[in-house]
S.K.: 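Below is one structure. I have some questions about it.
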Amino acid sequence: RMEGPGSYTLPTGTEYRGELKDGMFHGRGVLLFPTGGRYEAVWHRGVPVEGTYAFADGLAYEDERWLYCDGYDRRFYTEICSGLKPAGISQLTNLDPPRKIPEGCYDCGDGFYNPETRIVIDYKLRFLRNADDDEHEWIIRTCRKAEDETTVHKSKP
């Protein structure tokens, strides 16, 4: 069994780095998610006792006083940190400029979805999963598509 300091990569691509005891996460360790998020925690026999999560953009999750995207303030985290763009310039995603979506595909948050093959691939173009009917409908209804018209600021001459 794994024992002492080390790392372990799960089949999902999530990596654990930290202390191991009797084959389990035990002591201080961090989970590094393929999407860039990280969960730093103190573990006891494979169960987190206390920990903090930070999204890929640095936003720290707070389960008590969560003020981000709360229904009253719908700004992206980058807009909170860097300010809003001038009137007439839209920010469509938290990434600015937004990532380029392959033709015919959708950006579903953890990768790109091709509705013809019903396959989700990550942003490095590696297979993630096959979408079931519910996920397919949700993505088609709510996610940004490659051909969607974007608002682009054009300076007056």
Side-chain angles (χ1 to χ4, degrees), residues 2-85 90-102 105-115 117-146 148 150:
M2 298 179 289
E3 192 83 24
S7 66
Y8 180 78
T9 302
L10 299 153
T12 60
T14 299
E15 181 184 0
Y16 173 80
R17 292 182 191 166
E19 295 293 319
L20 300 153
K21 183 177 181 181
D22 196 25
M24 293 182 279
F25 305 163
H26 189 83
R28 294 200 172 277
V30 60
L31 284 173
L32 303 167
F33 297 94
T35 56
R38 60 186 293 126
Y39 181 67
E40 295 186 40
V42 175
W43 304 81
H44 183 75
R45 296 183 181 171
V47 177
V49 178
E50 62 179 69
T52 58
Y53 181 82
F55 295 93
D57 61 7
L59 174 65
Y61 175 75
E62 298 175 29
D63 58 350
E64 291 291 319
R65 296 186 46 208
W66 183 249
L67 302 174
Y68 173 69
C69 210
D70 62 1
Y72 298 103
D73 185 353
R74 303 295 292 176
R75 292 177 294 167
F76 289 110
Y77 183 59
T78 52
E79 292 174 320
I80 292 170
C81 295
S82 305
L84 294 172
K85 295 191 173 296
S90 297
Q91 184 167 338
L92 302 174
T93 69
N94 197 42
L95 290 178
D96 190 38
R99 65 177 44 96
K100 180 147 176 52
I101 304 170
C105 294
Y106 293 80
D107 184 348
C108 59
D110 61 348
F112 302 120
Y113 174 66
N114 183 328
T117 62
R118 295 188 131 198
I119 291 175
V120 178
I121 56 174
D122 69 13
Y123 295 123
K124 293 181 180 176
L125 307 180
R126 297 175 301 200
F127 176 84
L128 281 179
R129 65 184 173 279
N130 292 308
D132 62 17
D133 290 341
D134 290 337
E135 184 177 25
H136 171 83
E137 294 302 323
W138 180 84
I139 291 171
I140 300 299
R141 188 177 65 250
T142 62
C143 295
R144 194 169 61 92
K145 188 175 181 185
D148 287 350
T150 59

S.K.: Rounded to the nearest 0.5 Å, how far does CD1 of I139 lie from CZ of R144?
M.R.: 13.5 Å
S.K.: Is the distance between the ring centroids of Y106 and F112 under 6.0 Å?
M.R.: no
S.K.: Check each of D133, D134, D132 against R118 using the salt bridge (Lys or Arg N to Asp or Glu O under 4.0 Å) test, and report the only one that passes.
M.R.: D133
S.K.: Is there a side-chain contact between E3 and L20 in this structure, where contact means two heavy atoms from C-beta onward sitting under 4.5 Å apart?
M.R.: no
S.K.: Would you call E15 and R17 a salt bridge, using N to O less than 4.0 angstrom?
M.R.: yes
S.K.: Which atom names give the shortest non-hydrogen contact between E19 and G27, and what distance separates them?
M.R.: CB-CA, 4.1 Å
S.K.: Which value, rounded to the nearest 0.5 Å, describes the distance between C108 atom SG and L128 atom CG?
M.R.: 7.5 Å
S.K.: Closest approach of P115 and C105, non-hydrogen atoms and distance?
M.R.: CD-CA, 4.4 Å
S.K.: What distance do L31 atom CG and W43 atom CH2 have between them, rounded to the nearest 0.5 Å?
M.R.: 4.5 Å
S.K.: In Å and rounded to the nearest 0.5 Å, what is the OH to CD1 distance from Y113 to I101?
M.R.: 14.5 Å
S.K.: A side-chain contact here means heavy atoms from C-beta on lying under 4.5 Å apart; do C143 and D107 qualify?
M.R.: no
S.K.: Can you name the nearest heavy-atom pair linking H26 to Y16, along with the distance?
M.R.: N-OH, 4.0 Å
S.K.: In Å and rounded to the nearest 0.5 Å, what is the CE to CE distance from M24 to M2?
M.R.: 10.0 Å
S.K.: Among D122, D110, I119, exactly one meets side-chain contact (heavy atoms from CB on, under 4.5 Å) together with R129. Which residue is that?
M.R.: D110
S.K.: Can you confirm whether H44 sits close enough to F25 that some side-chain heavy atom of one is under 4.5 Å from a side-chain heavy atom of the other?
M.R.: no
S.K.: Does the side chain of T14 reach to within under 4.5 Å of the side chain of P34, using non-hydrogen atoms?
M.R.: yes
S.K.: Got more than 12 heavy atoms from elsewhere within 6.0 Å of CZ, R45?
M.R.: no
